[in-house]
Undergrad: 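Okay, here's the structure, questions in a sec.
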Amino acid sequence: YQRWVITLRTPNTMRKYRECVGKFFRDMFGKEPWELTLEELQRVTRLDIRERFYLPMVRQGRAQTTIQGYFPLLGAILII
């Protein structure tokens, strides 16, 4: 995780990605990104993401553009 973060282009991008990735993994697993095992990441399904991340954000009233902004970033980390 940390190796990936330092490849990002600017400090602002690093900060934003850390916030987004951190929120995603806390919501999905209740853990920080660096606490996860490869096995946990490999078991994630699209349904898991929908139920544990997407739908709760919709229920909280988050804008679709805000929610959709997470997915290109997460695609760089997860292959689902």
Undergrad: Rounded at 0.5 Å granularity, tell me how far CZ in F24 sits from CZ in F71.
TA: 7.5 Å
Undergrad: Heavy atoms, side chains only, cut-off 4.5 Å: are R26 and K31 in contact?
TA: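 The answer is no; the side chains never approach within 4.5 Å.
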Undergrad: With sequence neighbours excluded, tell me which residues meet salt bridge (Lys or Arg N to Asp or Glu O under 4.0 Å) with E35.
TA: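 Testing E35 for salt bridge (Lys or Arg N to Asp or Glu O under 4.0 Å), a comparison that skips the adjacent residues, returns none.
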Undergrad: Walk me through it: do F29 and D48 pass the test side-chain contact (heavy atoms from CB on, under 4.5 Å)?
TA: CA-CA 10 Å; F29 298 98; D48 293 332; over 6 Å; no
Undergrad: Does any pair with a residue in residues 60-73 pass side-chain hydrogen bond (donor to acceptor under 3.5 Å, both in side chains), and if so which ones, sequence neighbours excluded?
TA: Y54-Q64
Undergrad: Charged N to carboxylate O under 4.0 angstrom, E19 versus K23?
TA: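 The answer is no: the pair does not qualify as a salt bridge.
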Undergrad: To the nearest 0.5 Å, what is the distance between CZ on F53 and CD1 on I67?
TA: 8.0 Å
Undergrad: Side chains of R52 and D27: closer than 4.5 Å at any heavy-atom pair?
TA: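 No - every pair of side-chain heavy atoms lies 4.5 Å or more apart.
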Undergrad: To the nearest 0.5 Å, how far apart are OG1 in T45 and CZ in R50?
TA: 11.5 Å
